[in-house]
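The structure appears right after this line, and notes come after that.
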Amino acid sequence: MNIVVKRLDHVQICIPIGAEDEARAFYTGVLGFTEIEKPEPLKASGGLWYKVGDIGLHIGVENREGYRSKSHPAFEVENIEAVRRYLEEKGVMTKDEKAILGVDRFSFLDPFHNRIEFLEKQRGQ
């Protein structure tokens with residue numbers, strides 16, 4: 001059997017319990033992502049859901065004490081240098097990532113130490 005993957009549906013990252021307002025300030029206020037309502041059965045567990053392009057970003061809550069992970073979502077953006085300048089003007093520290101042929105990319109940490117990658121594919125890639 002071949003498993004056919006149609007598209008990436010969502011990525012989940014985590015924030016500390018009770019930090020939803022701070023997450024909204026960053027993901028809605030700084031990044032401009034669109035928050036969507038969580039399904040009723042999942043609301044009691046906390047966290048937030050966002051629509052980012054045609055995928056979902058689910059932000060769950062958990063005990064984050066001492067937690068460091070390499071996990072991250074990578075979002076393809078347009079005009080990556082302008083996006084980077086905007087984030088840096090907002091006080092977000094960005095980091096160059098290892099070069100990949102045909103891809104411009106950088107990463108940054110959200111206020112909860114989740115790594116987020118933005119990338120732009122060069123024409124023809």
Side-chain angles (χ1 to χ4, degrees):
M1 174 186 177
N2 287 339
I3 296 175
V4 177
V5 176
K6 294 166 58 175
R7 68 177 189 88
L8 176 64
D9 180 76
H10 72 273
V11 172
Q12 178 158 330
I13 59 176
C14 291
I15 62 174
I17 297 166
E20 286 89 348
D21 288 343
E22 188 179 353
R24 268 188 198 95
F26 183 76
Y27 282 94
T28 303
V30 174
L31 296 183
F33 291 175
T34 301
E35 185 176 354
I36 59 175
E37 190 170 349
K38 288 179 69 171
E40 197 61 43
L42 302 179
K43 287 182 180 179
S45 63
L48 309 165
W49 280 18
Y50 283 90
K51 184 79 170 160
V52 184
D54 68 347
I55 64 169
L57 175 64
H58 297 181
I59 302 175
V61 296
E62 68 181 5
N63 181 350
R64 303 279 294 172
E65 194 171 316
Y67 178 77
R68 293 286 185 264
S69 173
K70 290 175 143 183
S71 62
H72 68 282
F75 298 105
E76 186 173 356
V77 299
E78 294 179 357
N79 201 352
I80 196 163
E81 289 306 318
V83 170
R84 188 173 195 164
R85 280 192 305 276
Y86 165 77
L87 289 174
E88 290 173 348
E89 288 168 3
K90 291 288 190 179
V92 177
M93 304 243 341
T94 63
K95 177 184 177 227
D96 290 324
E97 291 295 328
K98 290 181 183 175
I100 297 175
L101 184 63
V103 180
D104 295 321
R105 65 194 195 119
F106 68 89
S107 66
F108 56 94
L109 298 178
D110 74 3
F112 315 99
H113 304 286
N114 289 299
R115 179 174 161 239
I116 311 293
E117 181 180 338
F118 279 173
L119 62 89
E120 183 174 34
K121 295 178 180 174
Q122 297 167 2
R123 292 184 187 255
Q125 300 297 318

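All values below were derived from every heavy atom in this structure, side-chain atoms included, with hydrogens, water molecules and symmetry-related copies excluded.
Applying the salt bridge (Lys or Arg N to Asp or Glu O under 4.0 Å) test to pairs two or more places apart or on separate chains, those with a residue in residues 8-18 are Arg7-Asp9.
Inter-residue side-chain proximity for Val52 and Tyr27 is flagged as unmet; no heavy-atom pair is nearer than 4.5 Å. Residues Leu109 and Lys95 are not in side-chain contact: their nearest non-hydrogen atoms beyond the backbone lie 4.5 Å or more apart. Using a 4.5 Å cut-off on side-chain heavy atoms (C-beta onward), Pro73 and Ile116 make contact. The shortest side-chain heavy-atom distance between Glu35 and Glu20 does not fall under the 4.5 Å cut-off. Contact annotation: the side chain of Arg24 approaches that of Tyr50 to within less than 4.5 Å [non-hydrogen atoms, C-beta and beyond]. The closest side-chain heavy-atom distance from Leu87 to Leu31 is below 4.5 Å. For the pair Val92/Tyr86, no side-chain contact is recorded, criterion being any heavy-atom separation below 4.5 Å from C-beta on. Between Asn114 and Ile59, every side-chain heavy-atom pair lies at or beyond the 4.5 Å cut-off.
No donor-acceptor pair under 3.5 Å is formed between the side chain of Arg105 and the backbone N or O of Glu76.
Taking Ile, Leu, Val, Met, Phe, Trp and Tyr as members and joining any whose side-chain heavy atoms lie under 4.5 Å apart, directly or through other members, the hydrophobic cluster of Ile36 also contains Leu42, Trp49. Members clustered with Met93: none, using a 4.5 Å side-chain heavy-atom cutoff among hydrophobic residues.
Summarising the geometry, atom OG1 belonging to Thr34 is positioned 11.5 Å from atom CG belonging to Leu57; distances are rounded to the nearest 0.5 Å. Separating the CG atom in Leu101 from the CD atom in Gln122 is a distance of 7.5 Å, to the nearest 0.5 Å. Distance check: Glu120 CD to Phe106 CZ gives 10.0 Å after rounding to the nearest 0.5 Å. Here NZ of Lys121 is found 12.5 Å from CG of Asp104. Values are rounded to the nearest 0.5 Å.
Looking at every heavy atom in both residues, Gln12 comes nearest to Gly60 through NE2-CA, 3.7 Å. The minimum heavy-atom distance linking Ser45 with Lys38 is given by the pair OG-NZ, 3.4 Å.
Arg84 and Glu88 are joined by a salt bridge, as a carboxylate oxygen and a charged side-chain nitrogen come within less than 4.0 angstrom of each other.
Applying the 6.0 Å contact sphere to NZ of Lys51 captures more than 12 heavy atoms from other residues, nucleotides or ligands.
In terms of the side-chain contact (heavy atoms from CB on, under 4.5 Å) criterion, residue partners of Ala82 (sequence neighbours excluded) are, by chain and number, Asn79, Arg85. For Glu22, the side-chain contact (heavy atoms from CB on, under 4.5 Å) partners at least two apart in sequence or on another chain are Pro111, Phe112. Every side-chain contact (heavy atoms from CB on, under 4.5 Å) that Ala74 has, sequence neighbours left out, goes to His72, Glu117, Leu119.
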